[in-house]
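Letters A, B, ... mirror the listed sequences (proteins, then strands); counts begin at 1. Predicted model, so just to flag it, every value in this text is computed and none were measured.
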Protein chains: 2
Amino acid sequence: MVQQVKVYQEVLDEIHRLIKEEGIMPGDKLPSERTLATQLNASRSSVREALRAIELLGMIVTRRGEGTYLRDYKSFQVMQLLATFVLQDTQTVENLTEAIELLENFAIEKAKVKIVPSELDELKRIINSNQSDREKHHLFFERIFNYADNQLIFHIWRLMQDFEEGLKTDVKYNYPYERVIMQLE
Amino acid sequence: MVQQVKVYQEVLDEIHRLIKEEGIMPGDKLPSERTLATQLNASRSSVREALRAIELLGMIVTRRGEGTYLRDYKSFQVMQLLATFVLQDTQTVENLTEAIELLENFAIEKAKVKIVPSELDELKRIINSNQSDREKHHLFFERIFNYADNQLIFHIWRLMQDFEEGLKTDVKYNYPYERVIMQLE
DNA sequence: GCACCACACTGGTCAGACCAGTTCTCGTTT
DNA sequence: AAACGAGAACTGGTCTGACCAGTGTGGTGC
């Protein structure tokens with residue numbers, strides 16, 4: 001039997017510690033790969049394996065020549081990854097449409113109690129603008145989601161929008177915006 | 001300007017392709033790191049960076065001396081990871097709880113019209129079993145989601161469950177199973 | 001004071017080495 | 001012929017050192 005904790009796992013822990021104890025905040029710079037390596041008594045390769053992993057998770061962003069920066073990982077980029085993969089095997093369009101509607105209705109319900117009148121004008125302006133249907137839909141619900149107080153659901157909704165975009169080019173239109181606005185009034 | 005696609009990203013794509021086109025299924029073995037490296041004209045380091053990343057995502061599992069295997073990644077431990085890394089943030093927890101409820105209610109609504117009586121007995125059996133609360137909750141809704149006809153939403157629900165599991169250790173509160181069953185009857 | 005350039009630093013990538021496990025092969029033993 | 005076992009061949013884990021390509025900086029010359 002061996003200790004099967006891999007070095008790159010330890011590096012992850014260390015980075016976690018850095019964030020917690022050293023007070024590194026989103027946007028801040030992390031120590032360089034070489035620095036981390038010597039600090040942790042690990043090779044640069046191992047450090048890189050760890051960094052690449054959490055980069056994929058969207059927790060950090062690296063810029064060649066500059067450095068590695070902690071990111072605002074509350075942006076749920078993970079969801080993106082998961083979605084990419086989840087949608088791959090399940091992706092019936094109906095499922096997706098239904099899911100999107102579910103989230104949109106959720107947003108509408110939540111918005112009902114919080115929305116301010118001036119916002120309604122803005123919504124009307126959007127649906128009467130001459131942008132593409134897709135643009136309109138996006139803008140319309142983006143504003144509504146502002147009142148839904150749930151960033152997570154909003155993110156998921158956006159992801160689904162993107163996917164839908166990739167799947168079927170049009171449709172969706174004739175969305176009953178007017179009815180929604182009446183509900184909100 | 002340069003192509004800023006990193007090698008390890010390409011490796012990820014390639015693995016993706018392998019899974020899709022070569023029909024590699026969960027449990028199957030992936031080519032060895034060295035093989036992948038030569039196949040992709042990349043260094044082993046780069047291949048490893050990619051592998052480590054998706055290992056962290058729980059998509060593969062590696063065993064020294066044996067190889068790298070595609071995993072049944074239905075329950076991503078990303079969530080767990082994120083949980084440890086990301087959030088002590090109550091906002092997130094609330095978002096998550098709300099989202100889970102939204103999906104569960106969706107499932108219940110859909111199940112109402114399709115569920116068969118014998119299934120109700122099964123549901124009752126589950127909530128009266130002596131498994132952990134979390135287990136019960138999982139099994140309970142897994143069955144209900146069977147009737148919801150939406151694999152996508154089911155998947156997302158499962159992901160969120162895992163996520164939540166990583167967040168707060170204890171309990172799936174006093175979920176009103178009885179009330180749900182009454183609704184379904 | 002300003003412009004410019006060399007140098008130090010950062011990430012990106014590679015090649016090669018060695019260790020530590022597992023699996024396979026093939027000759028020896030029974 | 002079947003069972004065994006030693007070793008080769010393979011797999012992942014880790015490290016070192018090298019080089020490239022960007023970025024930042026400080027000093028020099030104007």
Taking any heavy-atom pair under 4.0 Å as a contact, classify A:Arg63: base, sugar-phosphate, or nothing.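 A:Arg63: backbone/sugar contact only, no base atoms under 4.0 Å.
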Counting any heavy atom closer than 4.0 Å, what does A:Ser45 reach on the DNA or RNA strands: base, sugar-phosphate only, or nothing?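 Contact class for A:Ser45: base.
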Between [atom2] on [N] and [atom1] on [X], what's the gap in Å once rounded to a whole number?
{"X": "A:Leu40", "N": "D:dT16", "atom1": "CG", "atom2": "P", "result": "13 Å"}
{"X": "A:Leu36", "N": "D:dC15", "atom1": "CG", "atom2": "P", "result": "13 Å"}
{"X": "A:Arg34", "N": "D:dC20", "atom1": "CZ", "atom2": "P", "result": "14 Å"}
{"X": "A:Glu55", "N": "C:dG11", "atom1": "CD", "atom2": "P", "result": "11 Å"}
{"X": "B:Lys6", "N": "D:dC20", "atom1": "NZ", "atom2": "C1'", "result": "16 Å"}
{"X": "A:Glu10", "N": "D:dG13", "atom1": "CD", "atom2": "C1'", "result": "12 Å"}
{"X": "B:Leu51", "N": "D:dT14", "atom1": "CG", "atom2": "C1'", "result": "15 Å"}
{"X": "A:Gln9", "N": "D:dG12", "atom1": "CD", "atom2": "P", "result": "17 Å"}

Write down the atom of [X], the atom of [Y], and the distance for their closest heavy-atom approach.
{"X": "A:Leu56", "Y": "B:Ala53", "result": "CD2-CB, 3.6 Å"}
{"X": "A:Tyr8", "Y": "A:Ala50", "result": "O-CB, 3.5 Å"}
{"X": "A:Ala111", "Y": "A:Ile144", "result": "CB-CG2, 3.8 Å"}

Any [X] side-chain nitrogen or oxygen under 4.0 Å from OP1 or OP2 of [N]:
{"X": "B:Ser43", "N": "C:dT13", "answer": "no"}
{"X": "A:Thr62", "N": "C:dT10", "answer": "no"}
{"X": "B:Arg52", "N": "D:dG13", "answer": "yes"}
{"X": "B:Ser46", "N": "C:dC14", "answer": "yes"}
{"X": "A:Thr68", "N": "C:dT10", "answer": "no"}

On DNA chain D, compare the nucleotides closest to A:Tyr69 and A:Glu49; which residue's is nearer the 5' end?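 The answer here is A:Glu49.
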If you assign each of B:Asn41 and A:Gly65 to its closest nucleotide in DNA chain C, which residue comes earlier from the 5' end?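 Taking each residue's closest nucleotide, the earlier one in sequence belongs to A:Gly65.
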Among the candidates [options], find the nucleotide nearest to the side-chain atoms of [X].
{"X": "A:Arg64", "options": "D:dG12, D:dG22, C:dT13", "result": "D:dG22"}
{"X": "A:Arg48", "options": "C:dT10, C:dG12, D:dG24", "result": "C:dG12"}
{"X": "B:Glu66", "options": "C:dT23, C:dC18, C:dG11", "result": "C:dT23"}
{"X": "A:Ser32", "options": "C:dG11, D:dC15, D:dT11", "result": "C:dG11"}

Is it true that A:Arg52 and A:Glu49 make a salt bridge, defined as a side-chain N closer than 4.0 Å to a carboxylate O?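 Result for this pair is no, no salt bridge flagged.
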Donor-acceptor pair (no angle test) under 3.5 Å: B:Arg44 side chain, D:dG13 base: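 Under the 3.5 Å cut-off, the side chain and the base do form a donor-acceptor pair.
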Between B:Lys124 (side chain only) and B:Ile181 (backbone N and O only), is there a donor and an acceptor less than 3.5 Å apart?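 Pair absent, no side-chain N/O of B:Lys124 close to backbone of B:Ile181.
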Separation of B:Asn128 CG from B:Leu123 CG (nearest 0.5 Å):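 The CG atom of B:Leu123 sits 11.0 Å away from the CG atom of B:Asn128.
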